[in-house]
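Counting from 1, the numbers follow the sequence of the chain as shown.
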Amino acid sequence: MKGDDLPQDDRIVRYVKPSMIQEDGTADGSEFCLRPNKPDEEGLSVNWLEVFGKDKVHQLSEARRLCRLTLKSSGRFAEMNVGTVLQVVSEELDTLRIVHDPLEAQQQFDADPSHAEMRGLPLGDSDQAMLVGELIAQCVTLMHPARIAD
C-alpha cells in the first residue's frame, strides 16, 4: 500500500545512466544522492521487483516496460536487497526508509505498481549525502542491462 515500507527480504532496482557507471562496471555512489538542483525532491525513485511476482525475467521486463525514463542501451538497473541497504546505511543515517509509491497512469504512461522511493536522504550536495550514496552503491548485488537488444 502507498507509503508502506517495503519488505526487507525484497529487492529493488534503480536505473543508472551510462555516465554514472564506473570503469569496473559498478554504479557511482552519486547516483544514489538527491539532486542538489531539485530541492523539493523527497526521495530517489526505485522499482520494487517482487510486486511483479517471483520470476526475475518477468520482474525486470516489467520494470523496463513501465520505466518513465529514456533507457539507454549502455545504462543499467542496479539491483539491491531492501534490508541490506537499510542495515548498511543505518550505520551513518537512521532516517532512511524505502517506501511503496505506485504511480498512476497518465497520458503515454501505464500505471506503475512497482514504483517506490528511498526517503530520508540528506541533501544532495552534502558530504553526508556522498557518504550515504557510496554506502548504497556498495549494496548493489547485480547490474542488469536497462535495455534488451531488439
Side-chain angles (χ1 to χ4, degrees), residues 1-38 40-90 93 95-122 124 129-130 132-150:
M1 179 165 253
K2 186 175 177 99
D4 287 351
D5 292 325
L6 298 188
Q8 293 203 13
D9 288 340
D10 287 2
R11 294 162 300 117
I12 54 174
V13 291
R14 176 163 170 80
Y15 177 67
V16 180
K17 59 189 171 199
S19 63
M20 291 294 166
I21 298 172
Q22 301 179 106
E23 285 184 25
D24 64 359
T26 60
D28 187 293
S30 62
E31 186 61 25
F32 302 101
C33 296
L34 294 175
R35 297 174 288 192
N37 62 338
K38 302 262 185 175
D40 295 336
E41 196 170 50
E42 292 183 22
L44 292 180
S45 290
V46 294
N47 294 89
W48 177 22
L49 293 178
E50 279 74 15
V51 81
F52 299 122
K54 296 189 185 286
D55 180 67
K56 191 169 197 170
V57 172
H58 176 70
Q59 292 170 340
L60 290 167
S61 174
E62 285 297 286
R64 289 179 187 107
R65 183 180 71 81
L66 295 171
C67 188
R68 297 183 180 188
L69 301 171
T70 301
L71 301 177
K72 305 285 185 183
S73 59
S74 55
R76 297 285 181 264
F77 277 115
E79 180 181 325
M80 299 160 273
N81 170 270
V82 171
T84 301
V85 172
L86 294 172
Q87 179 184 4
V88 168
V89 171
S90 72
L93 180 75
T95 57
L96 181 65
R97 291 180 62 213
I98 304 175
V99 300
H100 193 208
D101 186 37
L103 300 176
E104 294 182 12
Q106 53 178 236
Q107 296 175 4
Q108 76 271 28
F109 298 115
D110 290 339
D112 184 355
S114 74
H115 186 264
E117 285 192 342
M118 290 184 174
R119 293 192 182 155
L121 292 165
M130 294 307 296
V132 169
E134 288 299 326
L135 290 172
I136 294 170
Q138 291 171 18
C139 296
V140 173
T141 56
L142 292 166
M143 295 285 276
H144 302 281
R147 286 182 34 199
I148 301 298
D150 299 327

Worked verdict on Gln59 versus His144 for side-chain contact (heavy atoms from CB on, under 4.5 Å):
CA-CA 12 Å; Gln59 292 170 340; His144 302 281; over 6 Å; no
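- For residues 56-75, no residue pair satisfies the ring-ring contact (aromatic ring centres under 6.0 Å, His included) rule, not counting sequence neighbours.
- When side chains are defined from C-beta on, Leu6 does not count as touching Val99, because their heavy atoms never get closer than 4.5 Å.
- Annotation: side-chain contact (heavy atoms from CB on, under 4.5 Å) contacts of Ala27 (sequence neighbours excluded): Val16, Phe32, Met143.
- Nearest heavy atoms, Met118 versus Leu121: O-CD1, 3.9 Å.
- Taking the side-chain contact (heavy atoms from CB on, under 4.5 Å) definition, one finds that Glu41 meets it with Leu34, Arg35, Lys38, sequence neighbours left out.
- Under a 3.5 Å cut-off, the side chain of Arg97 and the backbone N or O of Gly3 do form a donor-acceptor pair.
- Here the straight-line distance linking atom CZ of Phe52 with atom CG of Leu60 works out to 10.0 Å at 0.5 Å rounding.
- Contacts of His100 classified as side chain to side chain donor-acceptor pair (under 3.5 Å), with partners at least two apart in sequence or in another chain: none.
- Side-chain contact between Val13 and Leu49 is present, with heavy atoms from C-beta onward closer than 4.5 Å.
- Remark: Glu134 pairs with no residue by the salt bridge (Lys or Arg N to Asp or Glu O under 4.0 Å) rule, at least two apart or across chains.
- With sequence neighbours left out, Asp10 forms a side chain to side chain donor-acceptor pair (under 3.5 Å) with Trp48.
- Under the rule for a salt bridge (Lys or Arg N to Asp or Glu O under 4.0 Å), Lys54 has no partner lying at least two apart in sequence or in another chain.
- Within a 6.0 Å radius of CD in Gln87, other residues, nucleotides and ligands contribute 12 heavy atoms or fewer.
- The shortest heavy-atom contact between Gly124 and Cys33 is O-CB, 4.3 Å.
- Checking side-chain atoms of Arg64 against main-chain N and O of Pro145 turns up a donor-acceptor pair under 3.5 Å.
- Here the side chains of Val89 and Ile136 are in contact, with some heavy-atom distance below 4.5 Å.
- Panel note: side chain Glu117, backbone Glu42; no donor-acceptor pair is recorded below 3.5 Å.
- For residues 17-33, every residue pair satisfying the salt bridge (charged side-chain N to carboxylate O under 4.0 Å, His left out) rule, not counting sequence neighbours, is listed here: Arg14-Glu31.
- Applying the side-chain contact (heavy atoms from CB on, under 4.5 Å) rule to Thr84 yields the partners Asn81, Val88, Cys139; only residues at least two apart in sequence or on another chain are considered.
- In this structure Glu50 satisfies the salt bridge (Lys or Arg N to Asp or Glu O under 4.0 Å) test together with Arg11, sequence neighbours excluded.
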Counting only pairs under 3.5 Å, give me each side-chain donor-acceptor contact of residues 68-76, with atom names and distances, residues two or more places apart or in other chains.
residue	atom	partner	partner atom	Å
Arg68	NH2	Glu104	O	2.8
Arg68	NH2	Asp110	O	3.0

Could you walk me through whether Ser114 and Glu62 pass the side-chain contact (heavy atoms from CB on, under 4.5 Å) check?
CA-CA 9 Å; Ser114 74; Glu62 285 297 286; over 6 Å; no
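- A heavy-atom distance below 4.5 Å is not found between the side chains of Val82 and Asp9.
- A search for salt bridge (Lys or Arg N to Asp or Glu O under 4.0 Å) contacts involving Asp112 returns nothing, not counting sequence neighbours.
- Side-chain contact between Val140 and Glu79 is absent, with no heavy atoms from C-beta onward closer than 4.5 Å.
- Side-chain contact between Asp101 and Arg119: present, with at least one pair of heavy atoms (C-beta onward) separated by less than 4.5 Å.
- Side-chain contact check for Ile98 versus Ile12: some heavy-atom pair is nearer than 4.5 Å.
- Considering only heavy atoms from C-beta on, Pro113 comes within 4.5 Å of Leu66 through its side chain.
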